[in-house]
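Given the structure is predicted, the values throughout are model-derived calculations rather than measurements. Side-chain atoms are counted along with the backbone in the values below, which use heavy atoms only and exclude waters and symmetry mates.
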Amino acid sequence: MARFTFWRNLKQSSYWSGIVWPFSVLILLLAFFLDPMYGSSVEFDFQEFELVLIVSIFTIGLVFSPIIGKETEKDRSSKINDLLWSMSGPKTQLIGRFIGVMLLVAASILIYALGLYVVDMYSNWLREALRVFGPRDIILALLLLFQATLWLLTFATNVSIFVKNKSHLSQALLVIPIYVMLCGNIGLQLSNNVMHSFQVEVSVLLIPVLSQLLEFDKIIHVYDSNLWFVLYLFFQFLLWSGYFRYVLKIYSKYS
């Protein structure tokens with residue numbers, strides 16, 4: 001089921017148009033504005049790297065929420081879909097489709113990484129700017145991006161289950177990129193002062209996306225140890241697992 005979902009959506013023109021436009025904008029900025037303006041004399045700082053993470057999460061929410069939303073629909077219009085539904089139950093179907101969309105996200109990140117590598121070969125500005133980031137920073141960012149993606153796609157699945165009229169699905173899922181923008185704005189405000197009270201720390205820990213953004217800010221500035229980061233990832237995974245099981249339960253109920 002996961003493989004079927006992955007390849008089916010990979011062939012959709014809507015998927016390619018969704019992932020191409022952010023990269024096209026990035027190339028235009030590098031080629032026509034930033035590179036001629038700054039040459040090789042500019043470097044990113046960590047707050048700008050956090051902004052890149054916010055934009056990445058926003059793009060994933062905007063592009064892949066409608067995809068997972070359509071996958072929640074019990075579509076028997078084709079013989080293949082009807083066969084798949086007859087072979088497995090709703091929970092197995094949803095887990096397979098969810099994994100398929102996650103594989104699609106991973107493939108998209110790989111495409112972006114290859115694209116940035118090619119641009120890096122011809123852009124002195126980008127090459128110099130990225131020197132401030134080590135492999136550790138990039139790995140941590142990818143882990144938190146993966147975790148935020150799990151939350152967003154599960155939330156999109158939850159919203160889609162309760163949308164009776166599928167023609168209104170796109171409008172209903174707009175709440176997800178709006179939510180990411182709010183979290184990004186709050187995260188940038190709080191990142192200026194990463195040492196907060198215990199109440200704020202606990203509250204933020206329970207808010208998906210915002211929690212990942214602030215944890216990235218703290219680990220980059222070495223306010224949190226690697227051990228705490230591992231414990232944080234484990235705790236967030238437990239929270240997400242509980243929420244995902246709840247979504248599976250209601251999906252089985254309404255299927």
Side-chain angles (χ1 to χ4, degrees), residues 46-69 72 94 98 101-102 105-106 109 137-163 171-251:
F46 289 117
Q47 191 170 26
E48 290 170 332
F49 195 20
E50 185 180 0
L51 185 60
V52 172
L53 182 61
I54 294 172
V55 172
S56 301
I57 297 173
F58 174 82
T59 303
I60 288 174
L62 188 65
V63 174
F64 293 96
S65 292
I67 293 177
I68 191 65
T72 61
L94 184 59
F98 191 90
V101 176
M102 286 298 300
V105 174
I109 293 175
D137 303 324
I138 296 175
I139 291 173
L140 295 180
L142 288 176
L143 287 173
L144 293 171
L145 179 63
F146 172 77
Q147 202 167 68
T149 301
L150 289 176
W151 281 107
L152 290 182
L153 293 186
T154 307
F155 184 39
T157 303
N158 194 356
V159 171
S160 302
I161 291 172
F162 294 104
V163 177
Q171 293 91 324
L173 291 174
L174 283 176
V175 68
I176 294 178
I178 293 174
Y179 172 75
V180 175
M181 286 192 293
L182 289 175
C183 289
N185 186 38
I186 296 173
L188 290 175
Q189 296 296 326
L190 294 178
S191 64
N192 296 323
N193 179 21
V194 294
M195 303 302 293
H196 307 292
S197 65
F198 177 76
Q199 291 82 359
V200 173
E201 292 284 346
V202 173
S203 300
V204 169
L205 193 63
L206 300 175
I207 303 176
V209 179
L210 179 58
S211 177
Q212 279 75 43
L213 293 176
L214 288 187
E215 181 59 28
F216 174 74
D217 190 75
K218 290 192 292 184
I219 198 70
I220 284 296
H221 289 92
V222 202
Y223 288 101
D224 284 345
S225 64
N226 291 332
L227 176 60
W228 167 257
F229 182 74
V230 172
L231 293 175
Y232 166 83
L233 289 179
F234 181 72
F235 176 73
Q236 284 290 315
F237 182 76
L238 288 180
L239 286 178
W240 170 80
S241 298
Y243 180 48
F244 187 69
R245 295 178 78 170
Y246 164 76
V247 171
L248 285 175
K249 183 177 179 179
I250 61 174
Y251 182 75

- Message: Restricting to non-hydrogen atoms, name the atom on Val209 and the atom on Ala148 that form the minimum distance, rounded to 0.1 Å.
- Response: CG2-CB, 4.5 Å
- pair Thr149-Ile57: side-chain heavy atoms closer than 4.5 Å: no
- How far apart are the closest heavy atoms of Gly184 and Leu213, and which atoms are they? CA-CD1, 3.8 Å
- Item | With Leu140 via side-chain contact (heavy atoms from CB on, under 4.5 Å) - residues at least two apart | Arg136, Ile219, Phe229
- Taken to the nearest 0.5 Å, the spacing of Ile109 CD1 from Ser56 OG works out to 8.0 Å
- Task: Could you pull out the closest heavy-atom pair between Gln147 and Phe237, with the gap in Å?
- Result: NE2-N, 4.0 Å
- Can you check side chain to side chain contact (heavy atoms under 4.5 Å, CB included) on Arg245 and Trp240, steps first, answer last? CA-CA 9 Å; Arg245 295 178 78 170; Trp240 170 80; over 6 Å; no
- Task: Would you check if Ile60 and Val180 make a side-chain contact, meaning some heavy-atom pair closer than 4.5 Å?
- Result: no
- Query: Should Val105 and Val63 be marked as a side chain to side chain contact (heavy atoms under 4.5 Å, CB included) after you check the CA-CA gap, both sets of side-chain angles, and the distance that decides it?
  - Reply: CA-CA 10 Å; Val105 174; Val63 174; over 6 Å; no
- Separation between CG (Leu150) and CE (Met102), nearest 0.5 Å, reads 4.5 Å
- Working for side-chain hydrogen bond (donor to acceptor under 3.5 Å, both in side chains), residues Gln236 and Gln212: CA-CA 9 Å; Gln236 284 290 315; Gln212 279 75 43; 3.1 Å; yes
- Those residues that, when tested against Tyr179, pass ring-ring contact (aromatic ring centres under 6.0 Å, His included) (two or more places apart): none
- Task: List in chain and number order the residues that pass side-chain contact (heavy atoms from CB on, under 4.5 Å) with Ile67, two or more places apart in sequence or in another chain; answer none if no residue qualifies.
- Result: Asn9, Tyr15, Phe64, Val101, Leu104
- Would you please name every residue forming a side-chain contact (heavy atoms from CB on, under 4.5 Å) with Tyr243, sequence neighbours left out? Trp151, Thr154, Phe155, Asn158, Tyr246, Val247
- Item | From Leu239 atom CG to Ile207 atom CD1, the distance as rounded to the nearest 0.5 Å | 12.0 Å
- Query: Atom CG of Leu231 and atom CG of Leu227: how far apart are they, to the nearest 0.5 Å?
  - Reply: 4.5 Å
- Item | Interatomic spacing from CG in Leu188 to CG in Asp217 - rounded to 0.5 Å | 9.0 Å
- Query: Can you list the steps and then say if Phe235 with Leu206 is a side chain to side chain contact (heavy atoms under 4.5 Å, CB included)?
  - Reply: CA-CA 10 Å; Phe235 176 73; Leu206 300 175; 4.2 Å; yes
- Note on the structure: In this structure, CG of Leu144 is separated from CG of Leu233 (nearest 0.5 Å) by 6.0 Å
- Query: Residues two or more places apart in sequence or in another chain: which of them pass side-chain contact (heavy atoms from CB on, under 4.5 Å) with Leu238?
  - Reply: Phe234
- Looking only at heavy atoms, the pair that brings Ala156 and Ile68 closest together is CB-CG2, 3.6 Å
- Take Leu173 and Val163, measure what side chain to side chain contact (heavy atoms under 4.5 Å, CB included) needs, and give me the verdict at the end. CA-CA 10 Å; Leu173 291 174; Val163 177; over 6 Å; no
- Which atom of Pro177 lies closest to which atom of Leu62, heavy atoms considered: CG-CD1, 3.9 Å
- Query: Do the side chains of Leu205 and Tyr232 get nearer than 4.5 Å, heavy atoms only?
  - Reply: yes
- Quick one: closest heavy-atom pair of Cys183 and Pro208, and the distance? SG-O, 3.9 Å
